[in-house]
Amino acid sequence: MFIEKLCEYSDVLKSKGLLPPDNYAYRGITALIELNLDGTVSKISNFKEIVTIKLKNGKEKEVQRPVQLLYPAQPDANNSFSFLIEHRPENIFGMTLKNGVYTTQKCEKKHRLFLDKNLPFFKSVVNPSPIVIAFINFMHNWNAEEKTQNQACLQELFSEFKDFTIEKFSFCLTGHSETLLQNDAGVKDSWNQICANSSPEGTAEAYCPIFKAVLPVARLHKKIMRFPGGLASGMTLVSYNNDSENSYCKEQSVNSNISQLAVDKYGAALNYLLSSDEHCVVEKTTGLVFLFWAENPDFSLEKLCSAVLFGTDNDMSESADKLLKRIMEQLCNGLDVSADTILDKEKFCIAVLAPNSARICIKAFYEGTLGSIALNIARFQSDFGLDDDFRRVGIWQLISVLDNPNVKRNDADSLYGFFRSITIGSPLPRKILSRALNRIQHDFNAGYITNNIRVGIVRACFNDIHRSAKRKDELLMSLDYSNSNPAYLCGRLFACYEAVQRNANNGKKLNRSIKDTSFAAFMRNPSKKFASLNVLFSYHIKKAPRAKFYYDFINEIMDALGDNIPEHLNESDQARFVVGYHHQNAELYRSEKKLVNQEGVVDCE
């Protein structure tokens, strides 16, 4: 499925001009060699383009970069190989630069390979144009040994370059930089004819599951370059190296039955996606690579997905917030979410990949619509939310709040669990609930936003578990006065005890509050800590300026709780405790703020 979708996307990219045509590839060119008709070099000039980039601090900067030009596509080059229409200086000129001196040392073989590859081809061009004739004459007349005898001449020729060996060259006629050698009509016709007459590289024919036809099978699959966290020499998506993987006398990747045509297409599409920030997001701690693309290339849709799914801040962040908020309001009001509202016609794919030695491991692949993804994310955000104020939270934040700074661990499984839950609506893994509760117990002073996200994860996990078990036990977004569960009430009670202590000390920061000394213990074994907390409450309430305000909440909780104070709270009950504590804290904050405003109005009168 993944390879099939990449092949389809490759055709779309080619139709949009975002990928080179078949049998052609882009090369980055930085310098231009101007030839006279007799093959002599008249000038070598800088060919880089100037672009403006935006820095992280918001400032803009002009930089030079290579110009991407179309060339005949050939295998990856090495020292024993030469390109047709070569662009590497050591092959073209047969010399290099060492300690400021031009020398032919270790370059003779490269130049000979260049001549053997290019002379027969260009001599076969029918009705050669002036640029082709000039290039043939250049190959016949250029003598590196003689040129290196005149160092001053070479220094003048390459005066625009500090080190010509790192440049990439193209050819044109003197004064005609608009007509490059590789763009000549005769050269293109000859190359297209060679490609049409040559047989594919497949070693055998078999039924290709991608195109559902009998096609030549690829013996080796294309290298995927610049894969994050992978080998610099490239990675492969399909690879057969062990004899035990061979069957029916087939060798290497012939066992996969994937055709050479499919290999060329999916390799080009995958390399394009990995090189684009609009389609690729990498989670550095786990090494997982997220790729996403729309059926019709539209960077605004990819940016919208990045903002919705990963919490990325870009120029589509505001649109992402509006989209999710609108869907969440419709869900909360029990309305049907229409397809037009959530872009249900936009086909979308998301893949999760990871490096595995020299291969690429596919962790997950999801195909659907941007609307269905947005709907699932909105449902997750509804489960995750704890108040009426909407805030978009990305996967990275969900993982970071579960991190223990004292323990190094790979969170790939947790990240994958969040991804599946957010994109396809599957239940969150139970271990995520355990980790969130653990961090809340041992790091409860982490800050408002961090604790809010952790409690949101607890609520989402709890509701997922009980929904999948078809139980009608759900933790609401805000304080639930009808919830009589003892664990939920204990959480509310502890929040009131803490608020009374804070009010008794006029909001001053304490060296050790009851939250520091008793939160984790009360969360696990409420009955063991209840008596001591009740004694402290009796002491603090006498000093609290708003004693009656807190008595109203505590009496309501104690009436519902009665003598049913649990001895031990299991994981589900601890989740109820944490959410109840958070709900009561939020309610106390709102009520206290309202009370202060009322007291201010009375004083003014």
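We're numbering straight along the sequence, starting at 1.
In terms of modelled atom types and a separation under 3.5 Å, the side chain of Arg512 and the main chain of Thr517 share no donor-acceptor contact. Side-chain atoms of Arg454 come within 3.5 Å of backbone N or O of Val401 as a donor-acceptor pair.
Under the 4.5 Å side-chain criterion, counting only non-hydrogen atoms from C-beta, Val578 is not in contact with His582. For the pair Thr236 and Ile360, the minimum side-chain heavy-atom distance is 4.5 Å or more. You'll find the side chain of Leu231 reaches within 4.5 Å of the side chain of Met235, heavy atoms only. Residues Pro228 and Val282 form a side-chain contact, since some pair of their non-hydrogen atoms from C-beta on lies under 4.5 Å apart. At least one side-chain heavy atom of Lys212 sits less than 4.5 Å from a side-chain heavy atom of Tyr207.
The residue from Ile465, Asn463, Asp464 that alone fulfils the side-chain contact (heavy atoms from CB on, under 4.5 Å) condition with Leu428 is Asp464. Among Tyr366, Phe365, Phe2, Phe292, the single residue meeting the side-chain contact (heavy atoms from CB on, under 4.5 Å) criterion with Cys349 is Phe365.
Listed by chain and residue number, Asp480 satisfy the side-chain hydrogen bond (donor to acceptor under 3.5 Å, both in side chains) test with Ser482 (two or more places apart in sequence, or in another chain).
Ring-centre distance between Phe494 and Phe519: below the 6.0 Å cut-off.
To the nearest 0.5 Å, the span separating SG on Cys7 from CG on Leu261 amounts to 7.0 Å. Here the CZ-CD distance, from Arg524 to Gln441, works out to 5.0 Å after rounding to the nearest 0.5 Å. For the atom pair Cys496 SG and Gln584 CD, the distance stands at 4.0 Å (nearest 0.5 Å).
A salt bridge between Lys528 and Glu567 is absent, with no side-chain N of the basic residue lying under 4.0 Å from a carboxylate O of the acidic one. Salt bridge Arg576/Asp573: present, at least one basic N to carboxylate O contact under 4.0 Å. A salt bridge links Arg430 with Glu571; the closest basic N to acidic carboxylate O contact falls under 4.0 Å.
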N/O donor-acceptor pairs under 3.5 Å from side chains in residues 554-563, not counting sequence neighbours:
unit_1, atom_1, unit_2, atom_2, d
Asn555, ND2, Tyr551, O, 3.1
Glu556, OE1, Arg492, NH2, 2.7
Glu556, OE2, Arg492, NH1, 3.4

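Between the side chains of Asn585 and Tyr581, at least one donor-acceptor pair of N or O atoms lies under 3.5 Å. A donor-acceptor contact closer than 3.5 angstrom is absent between the side chains of Ser513 and Gln501.
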(message) Walk me through whether Tyr497 and Phe522 qualify under side chain to side chain contact (heavy atoms under 4.5 Å, CB included).
(response) CA-CA 12 Å; Tyr497 283 167; Phe522 196 69; 5.5 Å; no

(request) For Glu367 and Lys5, run side chain to side chain contact (heavy atoms under 4.5 Å, CB included): C-alpha distance rounded to whole Å, both residues' side-chain angles, the deciding distance at 0.1 Å, then the answer. (result) CA-CA 9 Å; Glu367 179 196 6; Lys5 290 300 171 184; 2.9 Å; yes

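Crowding of Tyr481 atom OH: a count of heavy atoms from other residues, nucleotides or ligands under 6.0 Å exceeding 12. Taking a 6.0 Å sphere around OH of Tyr589, one finds it holds 12 or fewer heavy atoms contributed by other residues, nucleotides or ligands.
Between Tyr272 and Tyr9, the two ring planes are tilted [angle within 30° to 60°].
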